[in-house]
> 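Let me begin by handing over the structure; questions about it come next.
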Amino acid sequence: MKIAIAGSGAMGSRFGLMLQKSGEDVLLIDGWQAHIEAILSNGLKANFNGEEVSVNIPIVHQEEVHLDKKYDLIILFTKAMQLDKMMTDIKGIIDENTQVLCLLNGIGHEDTIEKYVPLENIYLGNTMWTAGLEGPGVAKLFGNGSIELQNLGVGQEENAKKIAEVLSNAGLNASFSENIRLSIYNKACVNGTMNGLCTLLDVNMATLGNTRTALYMCRSIVNEFAAVAKFEGVALDIPAIMEKIKSCFDPLTIGLHFPSMHQDLMRNNRLTEIDFINGAISRKGRKYGIVTPYCDFLTELVHAKEDILKAE
Ligand code: NAD
Ligand code: AOT
């Protein structure tokens with residue numbers, strides 16, 4: 001299968017590496033020039049579960065994609081705020097047969113994708129895989145994960161299952177979801193609590209979990225996600241989500257992990273995805289007449305921190 005990964009940072013590199021290893025014809029597409037040059041010069045380097053690997057994998061700048069080439073599947077892995085520009089840059093390689101799978105964190109990316117791709121070719125997903133970049137062209141890939149995905153278009157279930165099969169053949173552990181919107185909300189609750197709070201407090205998830213107020217703050221945030229989701233006909237299981245959040249505090253599993261938002265802002269001085277996580281709940285809340293004071297305040301504080309640090 002001809003697969004393009006649009007957004008080949010940490011996660012895109014993981015997926016590109018694993019899919020190419022399983023025999024797929026993979027192209028990485030990215031906009032970070034130093035990363036592209038490093039991969040063109042030295043291959044994609046990765047510490048893959050403790051083993052140092054270096055693979056030759058084609059990569060092209062998103063503004064220089066070859067418009068004559070078409071792809072069976074495009075996997076979107078930009079940061080949320082980079083998605084619209086990526087779609088504009090690659091729209092020339094999308095035709096009526098190109099399936100587009102979005103695996104970004106956050107809520108509402110289909111609104112952006114629908115501007116460029118017919119509904120019947122859009123697939124939404126959600127992943128528990130993780131990845132990090134040590135620097136341009138160098139990834140750190142540890143642990144296991146999973147993917148859930150579903151077609152947005154009516155009658156495309158079989159195609160969604162085929163995409164899941166291709167991903168699973170690469171060891172990515174993908175399955176078809178009957179209710180991807182629920183899965184996306186569930187993951188967004190984890191990101192909506194862990195990411196902003198750990199970033200503002202400058203701590204990992206275990207340290208957040210050891211504070212007196214962590215559980216109350218997390219529960220208040222999850223309540224707002226649940227109220228907005230309910231308005232859209234998505235019923236969140238709040239106790240189950242709180243159990244998942246508590247499991248993130250465990251230092252023996254993932255508690256020592258700093259969420260990606262912390263890595264972006266505090267370590268790399270980059271803008272965050274807050275507008276597509278808590279900010280999305282605030283926007284939807286305003287539209288539906290639901291108050292969301294925790295999400296509003298968290299979004300405002302993270303933006304203030306971005307300004308203080310002059311993040312780009
Ligand atoms: P990433 O920041 O590593 O990559 C996204 C884009 O930013 C790529 O184009 C990359 O080249 C570019 N980039 C990365 N570092 C840069 C730098 N220092 N300077 C300039 N450009 C840089 O993002 P990611 O972690 O791969 O995440 C992609 C999506 O997947 C996001 O929506 C994220 O929330 C989600 N996600 C990430 C993880 C994870 O563990 N990283 C897990 C699940 C979901
Ligand atoms: C995460 N973390 O998604 C991944 O840091 O943005 C992130 C993120 C899988 C399970 C729990 C948290």
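Counting convention: from 1, in listed order, for ligands and their atoms alike. Below, each value reflects all heavy atoms present in this structure, side chains not excepted, and no hydrogens, waters or symmetry copies.
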> Between Glu224 and Arg219, is there a salt bridge with N-O shorter than 4.0 Å?
no

> Checking the side chain of Gln82 only, and the main-chain atoms of Lys79 only, is there a donor and an acceptor separated by less than 3.5 Å?
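Yes, the answer is positive, given that a donor and an acceptor are paired below the 3.5 Å cut-off.
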
> Looking at Pro259, which atoms of ligand 2 are within less than 4.0 Å of one of its heavy atoms?
5 (O)

> State the atoms of ligand 2, each with its element, that fall below the 4.0 Å cut-off from a heavy-atom position in Ile254.
11 (C)

> Give the numbers and elements of all ligand 2 atoms closer than 4.0 Å to a heavy atom of His257.
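It comes down to these atoms of ligand 2: 5 (O).
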
> Looking at Lys246 and Glu243, is there a salt bridge between them, counting it only when a charged N and a carboxylate O are closer than 4.0 Å?
yes

> I'd like to check whether Trp129 has a polar contact with ligand 2, where a contact means an N/O of the residue lying under 3.5 Å from an N/O of the ligand.
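No.
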
> Before accepting this row, confirm whether a basic side-chain N of the pair Lys45/Glu134 lies closer than 4.0 Å to the acidic partner's carboxylate O.
no

> Looking at non-hydrogen atoms alone, which of Met128, Met194, Lys187 comes nearest to atom 1 (C) of ligand 2?
Lys187

> Quick check against the 3.5 Å criterion: does Asn126 have a side-chain atom that pairs as donor or acceptor with the backbone of Asn105?
no

> If the criterion is any heavy atom closer than 4.0 Å to an atom of ligand 1, which residues make the list?
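Ligand 1 is contacted, at a heavy-atom distance under 4.0 Å, by Gly9, Ala10, Met11, Asp30, Trp32, His35, Phe77, Thr78, Lys79, Gln82, Leu104, Asn105, Trp129, Thr130, Ala131, Leu133, Lys187, Arg270, Glu273.
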
> Which ligand 2 atoms are under 4.0 Å away from a heavy-atom of Ser260?
5 (O), 6 (O), 7 (C)

> Within 45° of the axis and under 6.0 Å from the centre of the six-membered ring of Phe176, does NZ or CZ of Lys161 qualify?
yes

> Between Lys2 and Asp72 (salt bridge meaning N to carboxylate O under 4.0 Å), is one present in this structure?
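Asp72 and Lys2: not salt-bridged.
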
> Does Glu110 pair with Arg181 as a salt bridge, N-O distance under 4.0 Å?
yes

> Walk me through it: do Leu76 and Thr78 pass the test side-chain contact (heavy atoms from CB on, under 4.5 Å)?
CA-CA 6 Å; Leu76 302 175; Thr78 61; 5.6 Å; no

